[in-house]
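For the numbers below, each heavy atom of this structure counts, side chains included, while hydrogens, waters and symmetry mates do not.
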Amino acid sequence: MTAPLPRRRPRALARFLVAAPLLAAGALTGVPAAHAAPADDVRINEVVTTGDVDDSVELYNKGTSSVDVSGWILKDDDKDHTFKIPSGTKLAPGGFRAFDVSDEFGLGSSDEARLYLADGKTQVDGFSWSDHSDPSWSRCADGTGSFEQADSVTLGAANDCGSDEGSTAPAAWPGGSAVATADGSNVFGEDLSGLYQDGEVLWAAQNSGKLWRLVRNGSGGWKPDTANAWSSGKTLRFPGGSGSPDGEGVTAVAGGIFVASERNGDASGTSRLSVLRYDVSGSGSSLTAAKEWNLTSDIPSTGSNLGLEAIAWVPDASLTAAGFKDASTGAAYDPSRYGAHSGGVFLVGVEGTGMVYGYVLADSGAYTRVASFSSGMSGVMELQWEPQASRLWAVCDDTCDGRHTTLTVGAAGTFTPAAVYARPSGMANYNNEGFALAGAGECVSGSKPVYWSDDANDGGHALRRGSVSC
């Protein structure tokens, strides 16, 4: 942890700040009981690390029900530094509350703020930075947007985000503006979601419980593989052969294909946040998961159709080289402490919150959460690790106007946004739930292909092709 700055001003804040519309217990608002609200509705919304205000962290309730945050824990980048939220503290819908943490720890120029449930182990939200606030690190828009340096400190009130809802204009797409279709007419229909390019194969997960193996069509696009019963995709099943996983994200790792699923289609009203491993070497028309890591109890609840939407795998070697910090220990990530696993960390993205969680998935079926961070967007529909640039891509669909955020492991050892890009100017605001990058071997004249999958199958096409700078 960076040492706290010397105190240069008198204490100006009370132990915590309260602002309307925060109302005790929701008694005047008629909101539901606090315990019924999802914990993940509470976000870190503003952080002040220097200036005329003591080091402070503001929370915001972006949900529709009051949340009792009594006993919840705020930490900086040191797991032993804690601030316990006072008993009786409730956040009404749209409510803000700021906490002066300076008596417990200082917030340095390269540090992080983390929010935990009262058990001190279950992380709800986190934000890390590499420069002091000037004067305020603020989410724009409140509760859902990415953090930026706001023009003023607004602890206990809406952030000073300017007239455009506070969202800094994204940079232009770092590649060509032209986008073309990359599939035949009405091959997949609706609900095509996660993508992953594995050399000469493009894997695609479909919400209807299918996995597609696609091969090149000779025109810069992709078509279903006709060998080994892949021509219409293969039906996915949970271990034992039951159910219909709502496959949203897909990635390939030595030892199998891994699919992120948010629910069982046969019980669609109930979340089942799982990572499933499949052996795809057979010739049958369906695939039964060889292993399931059910993460439902470890991830703050969302609607059953707002859960795991994305998955990416990052090699252990890349993480250790970058100085990645293990959130479960507070120390540098050490793969050897986890025994037999995939040789990397799986990152899964939550559609409804924009949060990303990192897990070591043991071969035994056990799991350990080693990371929790915001994508900087209100939703995550796709995650892709780009090894050549050592960066993670997080993609949002038409909800965020097709924005793409890249994240890297920063000085604090956590993933933080590095850049935010608009979609290519030649692509409409499609409901893109999948995104894949070609490997370095396809780089020609400084550019390589990228692909998007459109959940809505606009114009009868679900796949589109563009380019990005190498």
Side-chain angles (χ1 to χ4, degrees), residues 182-183 187-189 191-217 221-265 272 274-295 308-315 340-348 359 361-365 367 382-385 387 433-439 451 453 462-463:
D183 60 351
V187 174
F188 305 101
D191 297 329
L192 200 66
S193 189
L195 299 176
Y196 181 79
Q197 185 176 344
D198 184 19
E200 295 300 301
V201 174
L202 182 68
W203 297 100
Q206 195 161 23
N207 303 168
S208 55
K210 275 189 176 184
L211 180 68
W212 295 84
R213 187 181 193 275
L214 309 178
V215 295
R216 300 185 189 274
N217 64 9
W222 303 87
K223 62 182 181 180
D225 189 355
T226 57
N228 297 317
W230 283 105
S231 58
S232 297
K234 294 196 178 188
T235 301
L236 298 178
R237 299 296 183 197
F238 287 102
S242 64
S244 179
D246 184 356
E248 299 282 357
V250 61
T251 193
V253 182
I257 298 298
F258 291 76
V259 172
S261 174
E262 62 186 358
R263 56 185 174 174
N264 179 357
R272 183 170 173 174
S274 296
V275 174
L276 301 153
R277 188 184 74 208
Y278 292 93
D279 177 353
V280 294
S281 61
S283 58
S285 60
S286 65
L287 298 168
T288 296
K291 187 78 69 176
E292 176 182 14
W293 291 267
N294 190 330
L295 310 175
L308 297 189
E309 191 78 14
I311 186 170
W313 178 82
V314 185
H341 63 285
S342 66
V345 170
F346 288 90
L347 302 177
V348 292
Y359 289 94
L361 303 180
D363 293 351
S364 65
Y367 61 81
E382 179 69 278
L383 293 169
Q384 290 285 328
W385 174 249
E433 292 194 352
F435 174 69
L437 301 108
Y451 304 92
S453 59
L463 291 176

Does any N or O in the side chain of [X] come within less than 3.5 Å of the main-chain N or O of [Y], such that one atom is a donor and the other an acceptor?
| X | Y | result |
| --- | --- | --- |
| N264 | S244 | yes |
| S193 | G249 | no |
| K210 | S232 | yes |
| D191 | N207 | no |
| Y196 | A205 | no |
| R277 | F258 | no |
| N217 | K223 | no |
| K234 | G284 | yes |

Over all heavy atoms of both residues, which pair between [X] and [Y] is shortest? Give the atoms and the distance, please.
| X | Y | result |
| --- | --- | --- |
| P224 | V187 | CG-CG1, 3.8 Å |
| A229 | S283 | CB-O, 3.3 Å |
| L383 | L347 | CD1-O, 3.6 Å |
| E382 | I311 | OE1-O, 4.4 Å |
| W313 | G344 | NE1-CA, 3.3 Å |
| A289 | Y278 | N-CE2, 3.2 Å |

Point to revise | Aromatic plane relationship, Y359 with Y367 - under 30° parallel, 30 to 60° tilted, over 60° perpendicular | key: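 The rings of Y367 and Y359 stand perpendicular, inter-plane angle above 60°.
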Quick check: do [X] and [Y] have side-chain heavy atoms less than 4.5 Å from each other?
| X | Y | value |
| --- | --- | --- |
| W230 | V215 | no |
| V201 | R213 | yes |
| W212 | L192 | yes |
| S342 | L361 | no |
| P245 | V259 | no |

Review point. Yes or no on side chain to side chain contact (heavy atoms under 4.5 Å, CB included) for T251 and W385, after CA distance, side-chain angles and deciding distance?
Key: CA-CA 10 Å; T251 193; W385 174 249; over 6 Å; no
In Å and rounded to the nearest 0.5 Å, what is the [atom1] to [atom2] distance from [X] to [Y]?
| X | Y | atom1 | atom2 | result |
| --- | --- | --- | --- | --- |
| N294 | R272 | CG | CZ | 6.0 Å |
| L214 | W222 | CG | CH2 | 7.5 Å |
| Q206 | E433 | CD | CD | 11.0 Å |
| I257 | L287 | CD1 | CG | 9.5 Å |
| S453 | L195 | OG | CG | 4.0 Å |
| E200 | R216 | CD | CZ | 4.0 Å |

Check your understanding: How would you list, by chain and number, every residue that makes a salt bridge (charged side-chain N to carboxylate O under 4.0 Å, His left out) with D279, sequence neighbours excluded?
Key ->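 Not a single residue meets the salt bridge (charged side-chain N to carboxylate O under 4.0 Å, His left out) criterion with D279.
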